[in-house]
Amino acid sequence: MARRRWGSAYGTRWRQAMPLMLVAFAVMGGMVTLLRQDVLAAVVTYQGTTAKFSSGRVSGQDIGFGMAQVDVAGVGTRNVLAAGFATGTLDGLCVSQVQTLPVIGDVVIKLTAGDGNSTTREISATNVQLDITQLRGSGTGINLDGRVQIGMASQDVTTLAGVDNPLGAPTGTGWWGIDATAGDIFSAKGYLYDAEIGGPISLPGLRISVTPKAAGGTECWSTPGDATPVPH
């Protein structure tokens, strides 16, 4: 059975919500202030279509990957790679999505954070879960450390102590996962449907932009294998 979080399907109906756009951007501005003050305890983002993301390095403790299913508004059930970690740090972050708005046309909504220093992992978060459709690490790639179990049932992956099936994976055979004490993904690029941060998050240098493509709006990258620099 496909997973639905918080009792509803994924998706924001942007084209049907134009009267609420100004209110939404005002709320977004308030969230930016809270995030800069590191007082926002939980962030939940839902995407009706995939968003692109990239990071110079993602490091996690008590991490897990598992096959799962999600209900996507207006699309139906989709298979995803659910990834989660109890605590983690990132060297820069970029998340972008293209939306088509009346009159304006295609706009790029982009969130970036980081200090511009490739030797630091300045972003921190706890109780993180991502629903990914594609993940790529270049250079050093993906490293798993400590106790690593490959091929275990997705429902048995452990990312949070005392929490059963934290990835919300289907039960039964055919759904396998990877569980590790720690891991790193270098030069990460991918697509995601959903990102949930259940605990505190610190996003230094946070910026949110909404730029029409016709005015030069660019996404985090064009294709996963392109030469677009990852954020730091």
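Contact of the Asp115 side chain with the Thr120 side chain is registered, since non-hydrogen atoms from C-beta on lie closer than 4.5 Å.
Here Asp91 contributes atom CG and Thr119 contributes atom OG1; the two are 8.0 Å apart, rounded to the nearest 0.5 Å. Of the inter-residue distances, the one linking Arg57 atom CZ with Leu90 atom CG reads 10.5 Å to the nearest 0.5 angstrom. Once rounded to the nearest 0.5 Å, the distance linking NZ of Lys52 with OG1 of Thr228 reads 8.5 Å.
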**Request:** Give the C-alpha distance, both sets of side-chain angles, the deciding distance and a yes or no for side chain to side chain contact (heavy atoms under 4.5 Å, CB included) between Ile142 and Asp184.
**Result:** CA-CA 6 Å; Ile142 300 176; Asp184 294 278; over 6 Å; no

**Request:** Let me see the working for Arg78 and Thr133 under side chain to side chain donor-acceptor pair (under 3.5 Å), right down to the final yes or no.
**Result:** CA-CA 9 Å; Arg78 288 292 181 268; Thr133 59; over 6 Å; no

**Prompt:** Between Leu130 and Asp194, does a side chain to side chain contact (heavy atoms under 4.5 Å, CB included) hold up when you go through it step by step?
**Reply:** CA-CA 6 Å; Leu130 308 172; Asp194 168 72; over 6 Å; no

**Request:** Would you check, one step at a time, whether the test side chain to side chain contact (heavy atoms under 4.5 Å, CB included) holds for Phe186 with Asn143?
**Result:** CA-CA 8 Å; Phe186 296 85; Asn143 290 342; 3.7 Å; yes

**Val157 and Ile178: CA distance, side-chain angles, deciding distance, side chain to side chain contact (heavy atoms under 4.5 Å, CB included) verdict** = CA-CA 7 Å; Val157 169; Ile178 302 172; over 6 Å; no

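Side chain of Lys110 to main chain of Ile208: no donor-acceptor pair is present (N/O by atom type, distance under 3.5 Å, no hydrogens or angles). Gln129 places a side-chain N or O within 3.5 Å of a backbone atom of Leu167 that can act as its donor or acceptor partner. Panel note: side chain Thr89, backbone Ile123; no donor-acceptor pair is recorded below 3.5 Å. A donor-acceptor pair under 3.5 Å is absent between the side-chain atoms of Thr112 and the main chain of Cys94, judged by distance alone. No donor-acceptor pair closer than 3.5 Å links the side chain of Lys189 to the backbone N or O of Ser55. No side-chain donor-acceptor contact under 3.5 Å links Asp145 to the backbone of Ala182. Side-chain atoms of Trp176 never come within 3.5 Å of backbone atoms of Ile150 as a donor-acceptor pair (strictly under, hydrogens ignored). In this structure, the side chain of Thr50 does not engage the main chain of Tyr191 through any donor-acceptor pair within 3.5 Å. Proximity of a side-chain donor or acceptor of Gln69 to a complementary backbone N or O of Val80 within less than 3.5 Å is not detected.
One hydrophobic cluster, built from ILVMFWY side chains closer than 4.5 Å, holds both Ile109 and Ile104. Both Val58 and Val148 are members of a single hydrophobic cluster when ILVMFWY side chains are connected at heavy-atom separations under 4.5 Å. Residue Trp221 is not grouped with residue Val230 when hydrophobic side chains (ILVMFWY) are merged at heavy-atom distances under 4.5 angstrom, including chains of intermediate members.
A donor and an acceptor atom, one from each side chain of Asp62 and Thr159, are nowhere located under 3.5 Å apart.
In terms of heavy-atom proximity, Glu122 sits nearest to Asn117 at OE1-O, 4.3 Å. The two atoms that bring Ile197 and Thr126 nearest to each other are CG2-O, 3.7 Å, heavy atoms only.
Atom CG of Asp226 has more than 12 neighbouring heavy atoms from other residues, nucleotides or ligands inside a 6.0 Å radius.
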